[in-house]
Number of protein chains: 2
Amino acid sequence: MPVTIKDVAKLAKVSPSTVSRVIAESPKISEETKKRVYKAMKELNYYPNAIARSLANKSSKTLGIILPNTAEDLFVNPFFIQAMRGISTYAQKRGYYIMLAYGEEEENEINIIKDYTNSKLVDGIILLTVRQNDKAIKYLREARRSFVVIGRPKNLENVLWVDNDNFKAMYDVTTYLIEKGHKNIAFIGGPYNLNVTKDRFEGYKRALEIRGISLDKELIKEADFNEVKGYQAMNEILKNKTPSAVITTDDLIAFGALNAIKEQNKKIALVGFNNTPLAAYQKPTLTSVDINAEKLGYNAAKLLISKLENKKVDKNHYIVETKLIERESTKG
Amino acid sequence: MPVTIKDVAKLAKVSPSTVSRVIAESPKISEETKKRVYKAMKELNYYPNAIARSLANKSSKTLGIILPNTAEDLFVNPFFIQAMRGISTYAQKRGYYIMLAYGEEEENEINIIKDYTNSKLVDGIILLTVRQNDKAIKYLREARRSFVVIGRPKNLENVLWVDNDNFKAMYDVTTYLIEKGHKNIAFIGGPYNLNVTKDRFEGYKRALEIRGISLDKELIKEADFNEVKGYQAMNEILKNKTPSAVITTDDLIAFGALNAIKEQNKKIALVGFNNTPLAAYQKPTLTSVDINAEKLGYNAAKLLISKLENKKVDKNHYIVETKLIERESTKG
DNA sequence: ATGAAAGCGCTAACAT
DNA sequence: ATGTTAGCGCTTTCAT
């Protein structure tokens, strides 16, 4: 037999509603009864039943996180666990809980989202990645659910999102290299239909423009987010040209490129992206852009909870600062 | 206005309890009414309210996972995210949900556990690590909560647990090295008051014994789970001796040891533990023991759910096989 | 400032 | 095989 609000009421010689008010910290409760109630709660070792509260309040105070199982680097890249920590930190602070699920593939992911939201198990959803033409976003928008995505989706209508300023990040990296004297700077990006890639490429392009360096098509390649593709892309570049520096949009791509560079015994500066733990373990250690995954998560939770609590929010997004972590691969 | 079981009942011209039975797939419902009910549910786009079910059932069908924020390698070691995937996979299969929280430190962790369990938000708890003298375990045991831990706790009383056979894993590693001709094999373990370390050390010791090699105290060191300590421990060993092989109980320790070995230009075989992604990125690539974190998680969920559903379980633990991943550091 | 009572949406014992 | 009814534990409107 669990201790309920009624038991507390009886012991404190008040009504259940009074106890409820005390829990909710209602202002119009006399200090004296408040004390009696607290005492009774202590004595009985009472804990509010969260499920019952959720039912009565029509809110579970829970956020659902969907982890994309398909992400190639789910295990290599600590992004996810860092983002989750950020989410959790803010959520805990605000008295929210976190539910977690791995989506096997896109269809299954949507089923999880439907289950979470339709069953009222969660008040809102956080998506940790944005796909091209994301069906999950489409569904959430149409079903009018509260949600936030990490990454800037193509269609910004009715979406809360959090992202880095990818344009600026890459603009800064490029400028940094130019100021180090580099003129032939190659760019190996992830898939070009992704927003991130586009933004990063634009930053690269603009930085070159501003400093009067013209774009060389042969120095620009596309690669999936993995080592092999990075390796291949680098080799393609080296077939015709020898840049003095190479920028990539992901550490994994950079690792592959590094292998190609080493094989050919070249001395080329190299920059990665995401600052994964592996970056510090390359030879030479890899300069990379830290995206502050924890803050991305933190702000995502913040945005979503604001929306859930009907705060009149002017913001529908946050931009999180990136930071260039300089290592050996761009030194000397 | 959400659609409830009553609306469905009205439309299907049955009572709410009948609808409830249909949802629960009760056998004694005629095919005909079943169809009518399903049709009505479709028509009204009805979804059961999980919160209300939880309240009535006195079970949330939710497992709580506590992530130790203090773990030094939370971000480097994909153990956690892998274990969580295993948990999630089994839980989803059985219709259970996962709640997640990061415990800042041990005290705060216990508060989270209390909150989760006292509020009836979760049916059971999964601990991803076991500390020495674990207060969380102590609390859970005394409060008579259902829980499972990954790792073998010291006191096995009333505990469900999942772990590798650490004795065997290290016995095998040691034997493997001996058969490669090594005789002076050093051992750098994590803190010796941990069960894991003890078990692994015993495996090492026994393997030497069996093959008639006597223990050399100067080849045995203790180190925390990080690179610097590994580096220091290795240097201490090298001050007096030069083993032909070194076994460690963690990749991070091995990385540090590797640096020391390289600095002194020695050629020493080296084995890590946990098979983190970084292992494949060392020069030379590091031989390591894979612990199958996903399976640990999967079995943890299995054990806990069996207990929750009162399956008469003979088992109170699972042992998960490890696998030696051979790489360059033990070749030639 | 406090109490009575209805209701959140579902389940299950009991009745037929 | 199906309906009636009384909860599950909490919140909240409406009284007083």
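These numbers come from the heavy atoms of this one structure, side chains and all, not from hydrogens, waters or symmetry mates. Lettering follows sequence order; numbering is per chain, from 1. Model, not experiment: these values are computed from the prediction.
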Quickly work out the [X] [atom1] to [N] [atom2] distance and round it to whole Å.
| X | N | atom1 | atom2 | answer |
| --- | --- | --- | --- | --- |
| A/Lys6 | D/dA6 | NZ | P | 13 Å |
| A/Arg21 | C/dT2 | CZ | C1' | 6 Å |
| A/Leu44 | D/dG9 | CG | C1' | 15 Å |
| B/Lys120 | C/dC10 | NZ | P | 22 Å |
| A/Arg53 | D/dT12 | CZ | P | 9 Å |
| B/Asn57 | C/dG9 | CG | P | 16 Å |
| B/Lys10 | C/dG9 | NZ | P | 13 Å |
| A/Lys35 | C/dT2 | NZ | P | 13 Å |

Notebook entry, point to check: Hey, mind stepping through B/Ser15 and B/Thr18 against side chain to side chain donor-acceptor pair (under 3.5 Å) and telling me if it holds?
Noted result: CA-CA 5 Å; B/Ser15 74; B/Thr18 299; 3.3 Å; yes
Note to self: Does either side chain, that of A/Ser17 or that of A/Ser20, offer a donor lying less than 3.5 Å from an acceptor on the other one?
What the structure shows: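 No donor-acceptor contact under 3.5 Å links the two side chains.
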Checklist line | Any side-chain donor near an acceptor of the partner, A/Tyr97 and B/Asp115, under 3.5 Å | finding: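 A/Tyr97 vs B/Asp115: donor-acceptor pair found between side chains.
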Margin query: By nearest heavy atom, map B/Leu55 and B/Ser17 onto DNA chain C; which one lands nearer the 5' end?
Written below: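 The residue mapped nearer the 5' terminus is B/Leu55.
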Does [N] have OP1 or OP2 sitting under 4.0 Å from an N or O in the side chain of [X]?
| X | N | value |
| --- | --- | --- |
| A/Thr4 | D/dC8 | no |
| B/Tyr46 | C/dC10 | yes |
| B/Ser30 | D/dA1 | no |

Next item on the list: From the options D/dC10, C/dA1, C/dG9, select the nucleotide whose nearest atom is closest to the side chain of A/Lys58.
Entry: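 Shortest atom-to-atom distance from the side chain points to C/dG9.
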Next item on the list: Looking at every strand, decide which applies to A/Thr33 at a 4.0 Å heavy-atom threshold: base, sugar-phosphate, or nothing.
Entry: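 Here A/Thr33 touches the backbone only, sparing every base.
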Next item on the list: Would you mind classifying the nucleic acid contact of B/Val14 as base, sugar-phosphate or nothing, using non-hydrogen atoms under 4.0 angstrom?
Entry: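 It contacts sugar-phosphate atoms only.
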Notebook entry, point to check: Closer to the 5' end of DNA chain D via nearest nucleotide, is it A/Ile23 or B/Lys34?
Noted result: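 Whichever sits nearer the 5' end wins; that is B/Lys34.
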Margin query: Should the side chain of A/Ser20 and the base of D/dT12 be counted as holding a donor-acceptor pair, with the cut-off at 3.5 Å?
Written below: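 Looking at the base of D/dT12, it does not pair with any donor or acceptor on the side chain of A/Ser20 (distance under 3.5 Å).
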Margin query: Any side-chain to backbone donor/acceptor pair from A/Arg36 onto A/Ala12? Under 3.5 Å, distance only.
Written below: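 Checked: pair present.
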Next item on the list: Classify the angle between the aromatic ring planes of A/His317 and A/Trp161 as parallel (below 30°), tilted (30 to 60°) or perpendicular (above 60°).
Entry: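 Judged by the thresholds at 30° and 60°, the geometry between A/His317 and A/Trp161 is parallel.
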